[in-house]
Each structure stands twice: as C-alpha cells, then as structure tokens.
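In this text, all values refer to a predicted model and were calculated from it rather than measured experimentally.
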Amino acid sequence: MTHSFVVRIPDAELDAEPLAPEQIVSGTPEVTGKVVWESEDGTQIRGIWQITPGVVTDTEADELFVVISGSATIEVEGGATLRVGPGDMAVLRAGDRTTWTVHETLRKAYAINL
C-alpha cells in the first residue's frame, strides 16, 4: 500500500541515468532522474527527469509531462515539433520516435503508462 506524499520538484535530488551512446546526436547531455511512485504491476510510473543541453533521440512511452525549468524542442518523427518550457504540459505517444534539442537544462515531472 502506498501513502500520499509531496515532492518538491525543483529541489529533488536525482540519480544518474546514463544515456546509451547511440542516443546522443550532439553535445554531452547528462540525464538524471528519480521514480517517485510506481504501480504494483509496473505499468504506471511517476517521476522527475532532467537533461542537460545537447541533442538526443528516444522512442517514447505514453507520457504526460510538465516542464518545471529549462527548455527544449522535441521533433516527433512524422509529426509535430514541440517547443516546451517552464509551465508547459506535453503528451507523447507510445512509439513516437523523437529528437530532443535541449537548449537549457530541462527538468520535468512525468506520468508514464506502459
């Protein structure tokens, strides 16, 4: 059983989450994160994620996120180009192939459904 809780996102300490070398397009981006809640069956994850400037690629899960700080441009292959910054909420779909150009270190709070 889980309990209700509060996490102060801007100050939360995050753990290193190294990128796979093939994900890095340019720069030396570093990723950190923290899972703050996960369902018992592992299909729902809530957390905080941060990336420093650079360009990376990813294949997304079903995700809703809110940008806390920083900015990025997210190009969805065959779809939209999303420009996100503080206070923006975005939705990515499972299977979206994306290229993230991170302009300023970006920190987001996310909810993923697998």
Side-chain angles (χ1 to χ4, degrees):
M1 176 159 169
T2 60
H3 301 281
S4 298
F5 62 91
V6 171
V7 175
R8 182 157 167 73
I9 299 166
D11 304 328
E13 288 196 27
L14 307 179
D15 301 317
E17 295 182 359
L19 288 163
E22 61 271 15
Q23 287 183 272
I24 300 171
V25 176
S26 69
T28 54
E30 295 182 8
V31 171
T32 52
K34 180 182 197 89
V35 171
V36 297
W37 180 86
E38 186 171 346
S39 63
E40 286 187 24
D41 64 3
T43 62
Q44 298 180 56
I45 303 167
R46 311 294 183 252
I48 303 165
W49 186 83
Q50 180 170 287
I51 185 168
T52 62
V55 180
V56 299
T57 61
D58 199 9
T59 301
E60 304 296 338
D62 276 324
E63 177 181 0
L64 177 146
F65 67 86
V66 176
V67 177
I68 306 305
S69 59
S71 65
T73 302
I74 307 162
E75 295 175 63
V76 180
E77 188 176 285
T81 295
L82 313 174
R83 290 172 181 81
V84 297
D88 289 336
M89 180 176 78
V91 175
L92 298 172
R93 298 169 304 175
D96 279 349
R97 294 175 51 84
T98 57
T99 300
W100 291 65
T101 300
V102 180
H103 310 293
E104 298 171 81
T105 297
L106 182 134
R107 183 174 283 219
K108 66 180 182 174
Y110 66 84
I112 290 176
N113 295 313
L114 302 174

Could you pull out the closest heavy-atom pair between [X] and [Y], with the gap in Å?
X      : Y      : value
Arg107 : Pro10  : NH1-O, 3.4 Å
Ala61  : Ile112 : CB-CG2, 3.7 Å
Pro86  : Ser69  : CG-CA, 4.0 Å
Val56  : Pro29  : CG1-CG, 3.5 Å
Leu114 : Gly42  : CD1-O, 3.4 Å

Take Leu64 and Met89, measure what side-chain contact (heavy atoms from CB on, under 4.5 Å) needs, and give me the verdict at the end.
-> CA-CA 7 Å; Leu64 177 146; Met89 180 176 78; 3.8 Å; yes
So does Arg46 have more than 12 non-hydrogen atoms from other groups sitting under 6.0 Å from CZ?
-> yes
Around Glu13, counting heavy atoms of other residues, nucleotides and ligands shown, do more than 12 lie under 6.0 Å from its CD?
-> no
Cut-off 3.5 Å, side chains only: do Thr99 and Glu75 have a donor facing an acceptor?
-> no
Do the side-chain N and O atoms of Asp41 and Thr43 include a donor-acceptor pair separated by under 3.5 angstrom?
->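 Judged by distance alone, the side chains do pair up.
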Reported [atom1]-to-[atom2] distance for the pair [X] and [Y], which is rounded to 0.5 angstrom:
X     : Y      : atom1 : atom2 : result
Glu63 : Arg93  : CD    : CZ    : 13.5 Å
Gln50 : Lys34  : CD    : NZ    : 13.0 Å
Thr57 : Trp100 : OG1   : CH2   : 12.0 Å

Side chains of [X] and [Y]: does their closest heavy-atom pair fall under 4.5 Å?
X     : Y      : answer
Asp58 : Leu92  : no
Thr52 : Val102 : no
Glu30 : Ile51  : no
Val84 : Lys108 : no
Ile45 : Tyr110 : yes
Asp96 : Ile74  : no

Are [X] and [Y] linked, directly or through other ILVMFWY residues, by side chains that come within less than 4.5 angstrom of each other?
X      : Y     : result
Ile48  : Trp37 : yes
Leu106 : Val55 : no
Leu14  : Ile9  : yes

Would you mind telling me which of Val31, Val35, Ile68 makes a side chain to side chain contact (heavy atoms under 4.5 Å, CB included) with Trp49?
->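 The option that passes is Val31.
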Taking [X] for the side chain and [Y] for the main chain, is one N or O donor matched with an acceptor at less than 3.5 Å?
X      : Y     : value
Thr105 : Gly70 : no
Glu77  : Thr98 : no
Asp62  : Ala94 : yes

Partner set under side chain to side chain contact (heavy atoms under 4.5 Å, CB included) for Pro21, not counting sequence neighbours | none
